[in-house]
Amino acid sequence: MTAPLLGRLAALSAAPVPGGAPESGPVSGTAPEVLADRPDGTLVRSGRTVAKAHAPDCDPRDLAARLAVAAHPLLHGILLPPLPLTAPDGHLTLAEDGRPLTRWPYGSPVSPDDPDAAPWEDAARLLARLHSVDPRQLAGPVPPMRGPAKAARALTRLRTARTTHPPRPGPGPLSAAADAIERAWAALPPWARGAAPPPHSAHLCHGDLHLGQLVRHPPADGRWLLIDIDDLGLGNPAWDLARPAAWFATGLLAPDIWSRFLAAYRAAGGPAVPPDGDPWPDLEIPARTLTVQTAALAVAKAHAASRPLDEVESAVVDACARMTSLPQQLAPGASDVG
Amino acid sequence: MQCPKCHAPMQTYNRNGVQIEQCAGCRGIFLDYGELESLTRLEAQWTQQAPPPPAPQAYPAAPAWGAPHQGHHGHHGHHGHHRSFGHMLFSS
């Protein structure tokens with residue numbers, strides 16, 4: 001992140017909202033604070049307002065369509081709506097380097113120190129409501145959900161890390177892990193790898209659900225809302241359940257938390273899985289893909305840092321290895337080729 | 001009847017059809033011939049009729065490639081507070 005862009009974000013977060021009520025603007029005298037600074041997004045907060053620089057490869061037209069969805073009344077109470085920037089319905093501007101910039105109300109996040117107290121049921125209910133929105137009621141065409149594309153990008157990152165940071169000569173644990181990930185990836189159907197249109201793709205999906213994607217607005221005691229629309233779009237709604245499903249399947253998430261999450265989604269009428277019975281026929285492919293994606297990113301980071309995998313990362317890689325050592329049990333999923 | 005031990009008066013109670021005498025002083029119990037066997041038999045019937053202990057909550061359905069979940073008690077607690085998993089919960 002360059003200093004000029006940080007300065008631009010700080011100014012943006014502190015600027016008044018065009019046509020907005022005085023209380024919707026930032027609190028005067030609040031020093032801007034960098035909330036996050038990653039290659040895929042930088043966030044600067046001033047009081048009640050947050051300015052975001054999106055990823056450099058973010059398509060501004062697709063982002064504008066996603067912003068229009070988040071601002072649509074049908075998504076009220078589900079997605080945090082963006083703040084106007086250039087006009088009442090203009091939610092996007094471009095930085096000097098072409099990166100899209102947006103502005104949002106500040107919401108308080110899930111405490112990273114206490115994941116056990118995370119709002120799993122609220123997350124499930126928000127997803128069920130999001131998936132139940134009729135996309136035809138929205139203003140314009142909605143871009144595809146980017147989940148499979150992000151999985152493919154994780155594999156690219158793994159391959160780049162293997163060539164850029166080769167481990168010491170000879171086969172090592174990281175090489176074996178990367179090979180297991182590649183085999184699990186190759187066993188996924190083309191749609192899950194972002195190489196073909198997905199089946200069941202008529203639903204509005206978040207595309208990147210994790211506990212960092214929930215905030216309370218107004219801060220502290222408002223209702224929970226979903227944030228980060230960069231991957232939002234039409235796709236298979238099971239994708240949004242697949243990360244918790246993958247955490248449960250790999251033995252990382254306690255079974256009772258997974259059961260609570262799934263039960264809340266079903267009770268709210270979510271369409272990704274049948275209302276009762278075994279959900280895994282629908283979750284199988286997305287959960288395998290997100291397990292492979294998580295493992296690929298973990299091994300890529302371990303390569304770059306020349307460190308071994310930790311216990312949690314190893315558990316995810318082990319799950320990838322089991323995917324291809326049990327071919328007969330995976331046959332039903334293998335037929336689900338889009 | 002007087003208690004053979006402390007000589008306080010004994011009271012007669014009927015429990016499930018079995019007559020037992022209890023001392024009002026030392027709380028000692030006097031059983032006539034065959035009454036111990038009757039109580040033992042009733043106890044055995046009670047145990048047989050008792051409902052089975054509640055079944056443990058069913059483990060949620062899991063895929064074939066999932067982690068083996070035998071003996072996961074404590075295991076999850078460990079991972080649940082593992083720093084690396086905590087980070088994973090909040091990252092793309």
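Residue numbers start from 1 in every chain, and the chains themselves are labelled A, B, ... in the order their sequence lines are given, proteins ahead of strands. What you see below is based on every heavy atom in this structure, not just the backbone, and it leaves out hydrogens, waters and symmetry mates.
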Atom group of A:Leu297 that falls short of 4.5 Å from chain B, counting heavy atoms: side chain
Portion of A:Ala321 that has a non-hydrogen atom of chain B nearer than 4.5 angstrom: neither
When A:Arg243, A:Lys150, A:Glu313, A:Gln213 are compared by non-hydrogen pairs under 4.5 Å with chain B, the top option: A:Arg243
Residue selection (most heavy-atom pairs with chain B, distance under 4.5 Å) from A:Asp278, A:Leu262, A:Asp310: A:Asp310
Closest non-hydrogen atom pair, A:Ala296 against A:Ile181: N-CD1, 3.8 Å
Interatomic spacing from SG in B:Cys3 to CD in B:Gln22 - rounded to 0.5 Å: 10.0 Å
Chain B contact via A:Asp318 - which portion, at a heavy-atom distance below 4.5 Å: neither
Separation between CZ of A:Phe248 and CG of A:Leu241, rounded to the nearest 0.5 Å: 13.5 Å
Which atoms of A:Val110 approach chain B - backbone, side chain, both or neither, heavy atom under 4.5 Å: both
Plane angle bin for A:Trp280 and A:Trp258 - parallel if under 30°, tilted between 30 and 60°, otherwise perpendicular: tilted
Nearest heavy-atom neighbours spanning A:Ala124 and A:Ala264: CB-CB, 3.8 Å
